[in-house]
Amino acid sequence: MAATSDIEWTNSTWNPVTGCTKVSAGCDLCYAERFSERFRGVPGHPFENGFDLTLRPKRLDQPLSWRRPRMIFVNSMSDLFHKDVPTDFVDRVFNTMEAADWHEYQILTKRSSLLRDYVNRRYADRTPPEHIWLGVSVEDGHMLTRVRHLRQARAGVRFLSIEPLIGPVGDLDLTGIHWVIVGGESGPRARPMDPAWVLDVRNRCRAAGVPFFFKQWGGRTPKAAGRTLEGEVFNEWPAAARASLIAAE
């Protein structure tokens, strides 16, 4: 677990799983893969196996030992709903999140149907916890099926991470969505983001009354081009967010 994070919309990260495989164009220049593969073959390094999918059971209880409440991005270096992560391991991750309920957890996936099916089974006969936020990554209009799957999921908070935004999103239905993040790609070969794509999403959020968080324009480094949009910094949060955790951000 990283006690602090440079990601603007969270406080900390927790990675009970690391590594992943690519499923769509948004994965092409994955920052987590780029970082992990630098250490492949380094004896004793946490990423000695590079970006190979790796379960890390010793990390499962980490949030229980972190007494100060935090917003925690779950699996910033992987996807909890990767098909090769066993269901009983996902159960253990959710068990920890439910037990350490003084934190808020932010889970992002591109495997949206697997997320939907899992939480709908887990919370079939009970209310899903508001402190566990479920989100999907959407890089352009070709991936809107993920939004539909998310709307079908039983969740206290549903959010979209439209990052890296590499094309127009188009007709984005925000029904049942509680928060939207937008950001451009960063890294040596970052694909440029058209301001018109960002403004379209921002305007749809305003029309739907959905909080909008603009993370970055992107470029060679995440902060290369700043994060102002039409002269403003957009740091809006879902209504369920605890004020104390936003203040700690």
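None of these values were measured; they are calculated from a predicted model. As a basis for the values below, the full set of heavy atoms in this structure was taken, side chains included, without hydrogen atoms, waters or symmetry mates.
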With side chains defined as the heavy atoms from C-beta onward, is the minimum distance between [X] and [Y] less than 4.5 Å?
| X | Y | value |
| --- | --- | --- |
| Ile107 | Phe81 | yes |
| Trp66 | Ser12 | yes |
| Val17 | Leu53 | yes |
| Phe35 | Phe47 | yes |
| Leu64 | Thr96 | yes |

Yes or no on side-chain hydrogen bond (donor to acceptor under 3.5 Å, both in side chains) for Arg68 and Asn11, after CA distance, side-chain angles and deciding distance?
CA-CA 11 Å; Arg68 184 168 71 86; Asn11 301 143; over 6 Å; no
Pi-cation contact, Phe89 with Arg59 (under 6.0 Å, within 45°)
no
If we ignore hydrogens and angles and just use 3.5 Å, is the side chain of [X] paired with the main-chain N or O of [Y] as donor and acceptor?
| X | Y | value |
| --- | --- | --- |
| Ser186 | Arg220 | no |
| Gln106 | Val74 | no |
| Lys110 | Ser137 | no |

Single-linkage hydrophobic cluster, 4.5 Å side-chain cutoff, [X] and [Y] together:
| X | Y | result |
| --- | --- | --- |
| Val182 | Val233 | no |
| Met193 | Leu229 | yes |
| Leu144 | Leu115 | yes |
| Leu150 | Ile132 | yes |
| Phe51 | Phe39 | no |

Residues that His142 engages under ring pair (Phe, Tyr, Trp, His ring centres under 6.0 Å), provided they are two or more places apart:
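Once residues adjacent in sequence are excluded, His142 has no partner under the ring pair (Phe, Tyr, Trp, His ring centres under 6.0 Å) criterion.
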Partner residues of [X] under the salt bridge (charged side-chain N to carboxylate O under 4.0 Å, His left out) criterion, sequence neighbours left out:
| X | value |
| --- | --- |
| Glu130 | none |
| Asp194 | none |
| Arg126 | Glu98 |
| Asp200 | Arg204 |

Which residue, Ile162, Asn203, Leu165, Val169, forms the side-chain contact (heavy atoms from CB on, under 4.5 Å) with Val198?
Leu165
Sequence neighbours excluded, which residues qualify as side-chain hydrogen bond (donor to acceptor under 3.5 Å, both in side chains) partners of [X]?
| X | answer |
| --- | --- |
| Asp91 | Tyr118 |
| His82 | Thr21 |
| His149 | Ser112 |
| Asp52 | Arg40 |

Would Arg56 and Thr18 count as a side-chain hydrogen bond (donor to acceptor under 3.5 Å, both in side chains) if you check the C-alpha gap in whole Å, the side-chain angles of each, and the deciding distance to 0.1 Å?
CA-CA 8 Å; Arg56 301 185 182 272; Thr18 57; 2.9 Å; yes
Inspect the surroundings of CG in Asp6 and state if more than 12 heavy atoms from other residues, nucleotides or ligands are less than 6.0 Å away.
no
Test Arg148 against Asp173 for salt bridge (charged side-chain N to carboxylate O under 4.0 Å, His left out), laying out the working first.
CA-CA 8 Å; Arg148 176 168 56 83; Asp173 182 358; over 6 Å; no
Show the numbers, then the answer: is there a salt bridge (charged side-chain N to carboxylate O under 4.0 Å, His left out) between Glu33 and Arg38?
CA-CA 9 Å; Glu33 179 188 40; Arg38 291 166 51 197; over 6 Å; no
Suppose the criterion is salt bridge (Lys or Arg N to Asp or Glu O under 4.0 Å): which pairs have a residue in residues 178-188, not counting sequence neighbours?
Glu185-Arg191
Determine whether Ser76 and Asn15 satisfy the following criterion, side-chain hydrogen bond (donor to acceptor under 3.5 Å, both in side chains), listing intermediate values before the conclusion.
CA-CA 7 Å; Ser76 62; Asn15 285 284; 3.2 Å; yes
Quick one: ring pair (Phe, Tyr, Trp, His ring centres under 6.0 Å) pairs with a partner in residues 165-186, sequence neighbours left out?
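For residues 165-186: Trp133-Trp179, Phe159-Trp179, Trp179-Trp237.
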Please set out all donor-acceptor pairs under 3.5 angstrom arising from side-chain atoms of residues 208-217, sequence neighbours excluded.
residue : atom : partner : partner atom : Å
Lys215  : NZ   : Glu163  : OE2          : 2.9
Gln216  : NE2  : Gly184  : O            : 2.8
Trp217  : NE1  : Thr228  : O            : 2.7

Where do Glu232 and Arg202 land on the salt bridge (charged side-chain N to carboxylate O under 4.0 Å, His left out) test, with the steps shown first?
CA-CA 12 Å; Glu232 294 184 56; Arg202 193 277 313 270; 5.3 Å; no
How long is the gap from CG on Asp101 to NE2 on His131, to the nearest 0.5 Å?
5.0 Å
Distance in Å, Thr109 OG1 paired with Asn75 CG, rounded so as to fall on 0.5 Å steps:
9.5 Å
Residue from Asp84, Asp117, Asp79 passing salt bridge (charged side-chain N to carboxylate O under 4.0 Å, His left out) with Arg111:
Asp79
